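Just so it is clear, the model here is predicted, and its values are computed rather than measured. Labels below follow one simple rule: chain letters A, B, ... track the order of the sequence lines, proteins then strands, and each chain is numbered from 1.
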2 protein chains.
Amino acid sequence: MKESPRSNAEQSGSTPESALGTRDRIVRAASVLMQRQGYDGTGIKQIAQEADATLGSLYHFFPGGKQELATAAIDHGNREFVEALNASLDGAEDPARALAEFALGLADRLAESDWVDGCPISTTALGSVGRLPDVQSAAAQAFAHWRGLVSGALVKAGIARAEADELAHTVISTLEGAELAAQVSASRVPLEMAAKHLAQLVDAHR
Amino acid sequence: MKESPRSNAEQSGSTPESALGTRDRIVRAASVLMQRQGYDGTGIKQIAQEADATLGSLYHFFPGGKQELATAAIDHGNREFVEALNASLDGAEDPARALAEFALGLADRLAESDWVDGCPISTTALGSVGRLPDVQSAAAQAFAHWRGLVSGALVKAGIARAEADELAHTVISTLEGAELAAQVSASRVPLEMAAKHLAQLVDAHR
DNA sequence: GTCTATAATAGGATAGAC
DNA sequence: GTCTATCCTATTATAGAC
């Protein structure tokens, strides 16, 4: 048990940065910056500055340095995405339609952010392959988690577990790829097509 | 007309690096390194070293520096992917099967390279969004080009142009996302599922 | 076209006072 | 827990000889 002064709300809903503890501010800053600039494109000093923290504080909470911080940032992005995905899938009786609407929601978020707020982990994850084992492994776990959520929703809708697991792979892959293409092309179209075709694919398996 | 000493073959087939001109060696080294490490993770000096060239030569051919070189590397990766895609689609009468085999070929290449040889441009492209306009635009053009090739193959197989264009978006997105997931997870499964479901999706539209 | 040397700056990480 | 100052190395890019 740590005696942390945390009477304030610290859910990710819409807590003002100023009300968060130092550690959380650092993780959030790292998450946002690495999402947009990747691991190598984001500096430790930039993270500290954006988080209104000092280098001393940063290395106090993350003695493992940049790599440990990146792993925490991936975990944070994971939770963020899980929350959004659950909000779309939880009470939906038609998962095909729910997934399509989720994809269109991603397109909205992208367009509003001028195409920079894509998947919270893919940029960092892709740059970590074969080079940053802890980061890569955190990202792999996140992807597996997301597939699990999708598969669960498909099973609930009557699809057999084995088939649902297979479909979940393609659902997540297609969402990832479409978001990447949408960002690079600065266009909603890839995500709109993903929404349409994923719905068709899921419907074809019922 | 430039008077270049180029009696040697310079197709991308299997030319030994030593037989290439300095400029080509630099572009190839940049392409490979940025594919694996991204734009920010790859140093100009590392590129020069890997290409057996000096910094002076590098800046002679690319006075625009790293950004101009990255753009050339994207163009190179684009041509590489186009060649592979054409080889799979060109004489195929069944595009669904051809795309599935292409996806499995990507999985082979990935596994053989210990999951580092993924899409030649996606890492650099994703890291360029909103930060390196020339690089991003070259990547966007490449994606559009690939979609055009897929759409063409689908039209040849009897699918209406409008529908083929839509499907091509999802085909490329899914391949991109599945390759990303396969790399991060160090597993063939995402690409195997993409192969299966893309074939189903295309077949459902004939 | 190619080479070496170097300028100018930013990178990650640490030390030690408070 | 937080702060500043600093070490050491790497970075992109340029200069000017050859």
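- Although no hydrogens or angles enter the test, the distance criterion places a donor-acceptor pair under 3.5 Å between the side chain of B:R25 and the main chain of B:L20.
- Considering only the side chain of B:K66, D:dT12 comes nearest among C:dT2, D:dT2, D:dT12.
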Tabulate atom names and distances for all N/O pairs under 3.5 angstrom spanning the protein and nucleotides 4-8 of chain C.
none

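- At the phosphate of D:dT2, OP1 or OP2 sits under 4.0 Å from a side-chain N or O atom of A:T22.
- For the pair A:S113 (side chain) and A:L110 (backbone), a donor-acceptor distance under 3.5 Å is present.
- Rounded to whole angstrom, the span from the CG atom of B:D52 across to the P atom of C:dG1 amounts to 18 Å.
- Here B:H60 reaches the OP1 or OP2 of C:dG1: one of its side-chain N or O atoms lies under 4.0 Å away.
- Going from atom CD1 of A:I44 over to atom P of D:dT4 covers 17 Å, rounded to whole Å.
- Using a distance-only test at 3.5 Å, with no hydrogens or angles considered, a donor-acceptor pair links the side chain of A:K66 to the main chain of A:T42.
- Remark: C1' of C:dG11 and OH of A:Y39 are 12 Å apart, rounded to the nearest angstrom.
- In the model, B:R36 has no side-chain atom that pairs as donor or acceptor with a side-chain atom of B:T123 under 3.5 Å.
- Between A:E68 atom CD and C:dA13 atom P the separation is 11 Å, expressed in whole Å.
- Remark: side-chain polar atoms of B:E166 are not paired, donor with acceptor, to backbone N or O of A:M193 under 3.5 angstrom.
- Protein atom CZ of A:R25 is 11 Å distant from nucleotide atom C1' of D:dT2, rounded to whole Å.
- Per the geometry, CE belonging to A:M34 stands 13 Å off C1' belonging to C:dG11, to the nearest Å.
- Here the P atom of nucleotide C:dG11 and the OH atom of A:Y59 are 12 Å apart, to the nearest Å.
- Rounded to whole Å, the distance from CD1 on B:I47 to P on D:dA13 is 10 Å.
- A donor-acceptor contact shorter than 3.5 Å links the side chain of A:Q136 to the backbone of A:G130.
- Side-chain N or O atoms of A:S151 include none that pairs as donor or acceptor with a backbone N or O of A:R147 at under 3.5 Å.
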